[in-house]
Amino acid sequence: MDRIAITGGAQLNGTIPVSGAKNSAIKLMAASLLTDQPLRLTNMPRLADTRFLGKLLTRLGVSVTESDGPDGQETVLHAPEITSGFAPYDLVRQMRASFNVLGPLVARSGQAKVSLPGGCTIGARPVDLHLQAIEALGAKIDLHEGYVYAQAPRGLKGAEIVFPIVSVGATEHAMLAAVLADGVTVIKNAACEPELVDLQECLNAMGAKVEGAGTPTVTITGVARLNGASHSVIPDRIEMGTYAVAAAMAGGEVRLTKARPELIESLSVKLEEAGATVVRTEDGVIVKRNGSRLNAVDLETAPFPGFATDLQAQFMALMTTANGESRIRETIFENRFMHAPELMRLGADISVHGGEARVRGVAQLEGAEVMATDLRASVSLVIAGLVARGETVVSRIYHLDRGFERLEEKLGACGAQVRRIKGDGEPEL
Ligand code: EPZ
């Protein structure tokens, strides 16, 4: 398997264009199941996760065509008919968000058999709220041998769905199912993440009637059929935030473009509090740090517009060399500190007590061999490697390939010493 080697010490100077958001793209791809007309998605990231989902959608009857068009990377998804309502375990377990095909399949063809996604390294991540939503819309749900069997032969019916906790995936799933339901659906305590607004815009371009995404109440008036549409995927706020942290860590000046500064406001505030300079521009941010050491700052993850859990590992890496002690509280997932012991292999001083990590900044990290168990944890090790003395080698980078497009190229263009070491095909232990 491939690994990434980083030689620490180089400042970052240059421009990084931000890609389309993985976590939006994969829900938008699932929306293609809702219509017999082609859905054209532009600003599409090319990632392992979009490839996984493309493979599953193809099995369900969707033709998936990738090309480089006048608007950059695009994917056209076309499902003239649903040829199978079966999403098998071997595909769903590779990428949890594949579970979101359940709602569109039931909405369009009245039935589906979709594998439960199973466990995850960052937390239990149940799908009870997804099932609660689809059931509220009138589907009969049975669970057997690891599979969800859902049936709504006479179609879904609009309903009130009140989520007991905020869930991005369950809110998106409910929207994806309710657009073709008969009547009005009101989702209360909805997640407010920008990816939901993106999904609303795409669904409405397809002829749906969705209002309120980005607020805690989303209202959907069902329509009988949806059309094809063309939609540009929202910029990836987590990728933007990751490179912003990388620039603050390595020093220098990096301009992030093709993005939206308001999507990372809670991170920008923390970066400024720590002593980096963040200049908001029309299409992104410029992040600078010249010389002086950053200060430790505390943070707590929260649903949008709070500090994103998907940026927590990166910020922890930043705090490993800051001046003082930083307290980092993770409130979204129960096991999202798996990067801490790996950062400690690089010389970081971190202790974890339940949902809180204390990071005492050290003057210098040292390169080492490390590995990580999820996407954002992996990139936090790359960020730490940017300042560690000597070479840091990160293995299991298939996690990185799931969510960061051309990472070595983007960082390399700004002067980072990052290279991919091609594997020998042997699986890593
Ligand atoms: C999305 O996951 C993202 N993934 C995650 O990014 C992100 O960390 C998360 O939202 C929070 O922002 C995708 O969009 C593909 P949730 P999701 O449902 O939708 C609990 C990355 O690295 N919950 O908002 O799965 C759950 O266990 C990934 O790109 C239930 O209890 O997150 C968690 O504690 C990692 N029952 C909390 O809700 C349910 O049915 C919030 O999870 C669903 C969720």
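Counting starts at 1 for both ligands and their atoms, in listed order.
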Has the side chain of [X] got a donor or acceptor atom that lies under 3.5 Å from a matching backbone atom of [Y]?
{"X": "E195", "Y": "N23", "result": "no"}
{"X": "R289", "Y": "A248", "result": "yes"}
{"X": "D236", "Y": "K22", "result": "yes"}
{"X": "D182", "Y": "K157", "result": "no"}
{"X": "S266", "Y": "G306", "result": "yes"}
{"X": "D2", "Y": "G423", "result": "yes"}

Nearest to [atom], what protein heavy atom do you find, and at what distance?
{"atom": "atom 17 (P) of ligand 1", "value": "R125 NH2, 3.6 Å"}
{"atom": "atom 40 (O) of ligand 1", "value": "L129 N, 2.8 Å"}
{"atom": "atom 36 (N) of ligand 1", "value": "D128 OD1, 2.7 Å"}
{"atom": "atom 26 (C) of ligand 1", "value": "F333 CE2, 4.1 Å"}
{"atom": "atom 4 (N) of ligand 1", "value": "N23 ND2, 3.6 Å"}
{"atom": "atom 19 (O) of ligand 1", "value": "G169 N, 2.7 Å"}
{"atom": "atom 5 (C) of ligand 1", "value": "D310 OD2, 3.7 Å"}
{"atom": "atom 20 (C) of ligand 1", "value": "I165 CD1, 3.8 Å"}

Counting only heavy atoms closer than 4.0 Å, does ligand 1 sit against the backbone of [X], its side chain, both, or neither?
{"X": "E195", "answer": "neither"}
{"X": "R336", "answer": "side chain"}
{"X": "V168", "answer": "both"}

Measuring from atom 41 (C) of ligand 1, which candidate in I332, L131, L375 has the nearest non-hydrogen atom? I332
Just go through A308, S167, P303, A170 and tell me whose heavy atom is the nearest to atom 44 (C) of ligand 1. S167
Closer than 4.0 Å to some heavy atom of K22 - which atoms of ligand 1 meet that? 21 (C), 29 (O)
May I ask you to list the atoms of ligand 1 that are less than 4.0 angstrom from any heavy atom of T309? 8 (O), 11 (C)
Can you tell me how the ring of F86 sits relative to the ring of Y147, calling it parallel under 30°, perpendicular over 60° and tilted otherwise? tilted
Would [X] count as a contact residue for ligand 1, given that I'm defining contact as a non-hydrogen atom of the residue lying under 4.0 Å from a ligand atom?
{"X": "P126", "result": "yes"}
{"X": "K27", "result": "yes"}
{"X": "H173", "result": "no"}
{"X": "I26", "result": "yes"}

Could you point out which residue of K410, K258, R406, R376 forms a salt bridge (Lys or Arg N to Asp or Glu O under 4.0 Å) with E239?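 Among the candidates, only K410 passes.
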